[in-house]
Amino acid sequence: MMARTLGERSRQDSDRRLGMRLTFAVGAVALFSVPFVLLLVLVLISFEPLNDLDETIATGLHAYVLADPGYARLLGAWTDILGPNTWRVLVVAVAAWAWYRGARRPAVWAVVTIAASGVLNVLIKEVVNRARPVLPDPVSWAPGSSFPSGHAMAAATGASVLVLMLLPRLRGPASRAAAWTLAAVLAVFVAYTRVALGVHWFSDVIAGLALGVVVTAGTTAGFERWRREEGRRPAEPYVEGVEPEAFSRGDRE
């Protein structure tokens with residue numbers, strides 16, 4: 001009787017800690033949603049202070065890059081290397097690896113998430129239809145509308161998906177923290193290249209980063225909820241990955 005009581009208390013404590021962490025995660029997602037929605041509204045109403053901030057940052061970075069042609073070429077190369085198609089290929093490759101290992105649900109989740117991110121970006125760009133920066137002596141050029149940045153959104157989504165897929169293979173808090181840190185650095189760097197090259201406004205890339213995180217977090221939350229409804233062990237996706245047991249023993253259903 002006592003052993004059963006202690007076991008029940010242990011499970012309750014574990015569930016309570018997990019609930020608190022998931023609540024924190026939901027709050028963090030909400031914080032990323034707020035800047036995107038706010039920026040969307042300000043761009044739609046052409047809020048003058050935001051326009052002035054965008055102009056100031058764009059002009060300053062453009063002057064810095066224009067003064068160093070080698071740096072401009074380097075940024076141009078990296079913005080292509082880390083472009084949306086690169087993230088899509090990487091996610092599909094990791095999804096194929098997961099599918100081969102029998103982790104089919106995470107594989108489908110990864111492909112759906114990166115695809116949904118791309119479609120959503122195109123739809124919002126069509127609705128907002130914001131013009132790209134027009135700067136003297138441009139060092140780069142990009143077609144289409146400007147808000148939100150497709151490069152920044154793809155980097156935020158792709159890097160997050162890759163980390164969530166690979167977390168079950170990582171051991172220890174240090175390696176997991178390093179993976180998330182690398183993902184954040186790459187996404188922010190991609191965003192920087194777009195502004196520095198003069199093809200996006202600062203608010204475009206911030207919105208792209210925020211929306212990429214929101215899309216990934218939303219599909220992750222939906223996937224985890226579905227897992228629990230199926231009676232599977234509750235997981236902490238941002239620590240363990242989207243379905244850790246699938247990678248540890250395979251998913252042969």
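Worth saying up front: this structure is predicted, and the values here are computed from it rather than measured.
Phe36 and Leu123 sit in two unconnected hydrophobic clusters of ILVMFWY residues. Membership requires side-chain heavy atoms under 4.5 Å apart, directly or through other members. Leu135 and Leu197 fall into different hydrophobic clusters, where Ile, Leu, Val, Met, Phe, Trp and Tyr residues are linked whenever their side-chain heavy atoms come under 4.5 Å apart, directly or through other members. Hydrophobic clustering (ILVMFWY, side-chain heavy atoms < 4.5 Å, transitive): Val127 and Leu120 are in distinct clusters. Under the 4.5 Å side-chain heavy-atom criterion for ILVMFWY residues, no single connected hydrophobic cluster contains both Val119 and Ile124. A continuous path of Ile, Leu, Val, Met, Phe, Trp and Tyr side chains, each step under 4.5 Å between heavy atoms, connects Met153 with Leu44, placing both in one hydrophobic cluster.
Under the 30°/60° scheme for interplanar angles, the aromatic rings of Tyr71 and Tyr192 are found to be tilted.
The closest side-chain heavy-atom distance from Leu162 to Val91 is below 4.5 Å. Side chains of Ser46 and Asn51 form a contact here, defined as non-hydrogen atoms less than 4.5 Å apart. A heavy-atom distance below 4.5 Å is not found between the side chains of Thr193 and His151. Between Leu164 and Trp180, some side-chain heavy-atom pair lies under the 4.5 Å cut-off. The shortest side-chain heavy-atom distance between Arg88 and Asn85 falls under the 4.5 Å cut-off. Residues Val112 and Phe223 have side chains not in contact (no heavy-atom distance under 4.5 Å, counting atoms from C-beta outward).
If you take CG on Asp52 and CD1 on Ile57, they are separated by 11.0 Å, rounding to the nearest 0.5 Å.
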(request) Could you walk me through whether Tyr238 and Leu167 pass side chain to side chain contact (heavy atoms under 4.5 Å, CB included), step by step? (result) CA-CA 8 Å; Tyr238 306 106; Leu167 277 177; 5.6 Å; no

(message) Glu55 vs Trp201, test: side chain to side chain contact (heavy atoms under 4.5 Å, CB included). Steps then yes/no.
(response) CA-CA 8 Å; Glu55 287 277 1; Trp201 303 108; 3.6 Å; yes

(message) Checking Arg105 against Trp109 for the side chain to side chain contact (heavy atoms under 4.5 Å, CB included) test, could you report, in this order, the C-alpha distance in whole Å, the side-chain angles of both residues, the deciding distance, and whether it holds?
(response) CA-CA 6 Å; Arg105 285 182 296 269; Trp109 165 82; over 6 Å; no

(message) Set out, in order, the CA-CA distance, both residues' side-chain angles and the distance that settles side chain to side chain contact (heavy atoms under 4.5 Å, CB included) for Ser146 and His200, then state yes or no.
(response) CA-CA 6 Å; Ser146 190; His200 273 294; 3.2 Å; yes

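A donor-acceptor contact shorter than 3.5 Å is absent between the side chain of Arg176 and the backbone of Arg171. A donor-acceptor contact shorter than 3.5 Å links the side chain of Asn121 to the backbone of Pro148. No donor-acceptor pair under 3.5 Å is formed between the side chain of Arg130 and the backbone N or O of Lys125.
The minimum heavy-atom distance between Leu50 and Ser203, with the atom names listed, is CD1-CB, 3.9 Å. Residues Ala159 and Ala183 share a closest heavy-atom pair of CB-CB, 3.7 Å. Smallest separation of non-hydrogen atoms from Val65 and Ala72: CG1-CB, 3.4 Å. Minimum heavy-atom separation, Asn129 to Ser145: OD1-OG, 3.1 Å. Contact between Val242 and Glu224 at its shortest, heavy atoms only, is O-OE1, 4.2 Å. Residues Ala110 and Ala95 approach most closely at CB-CB, 4.4 Å, considering heavy atoms.
Remark: Asp204 does not engage Arg194 in a salt bridge, criterion side-chain N to carboxylate O under 4.0 Å.
Checked against Ser149 for a side-chain contact (heavy atoms from CB on, under 4.5 Å), the options Leu209, Val205, Ile206, Leu211 give a single hit: Val205. Just one of Thr220, Thr219, Thr216 meets the side-chain hydrogen bond (donor to acceptor under 3.5 Å, both in side chains) condition when paired with Thr113; it is Thr219.
The environment of Trp78 atom CH2 is sparse: at most 12 non-hydrogen atoms of other residues, nucleotides or ligands sit within 6.0 angstrom. The neighbour count for Phe202 CZ, taken as heavy atoms of other residues, nucleotides or ligands under 6.0 Å away, does not exceed 12.
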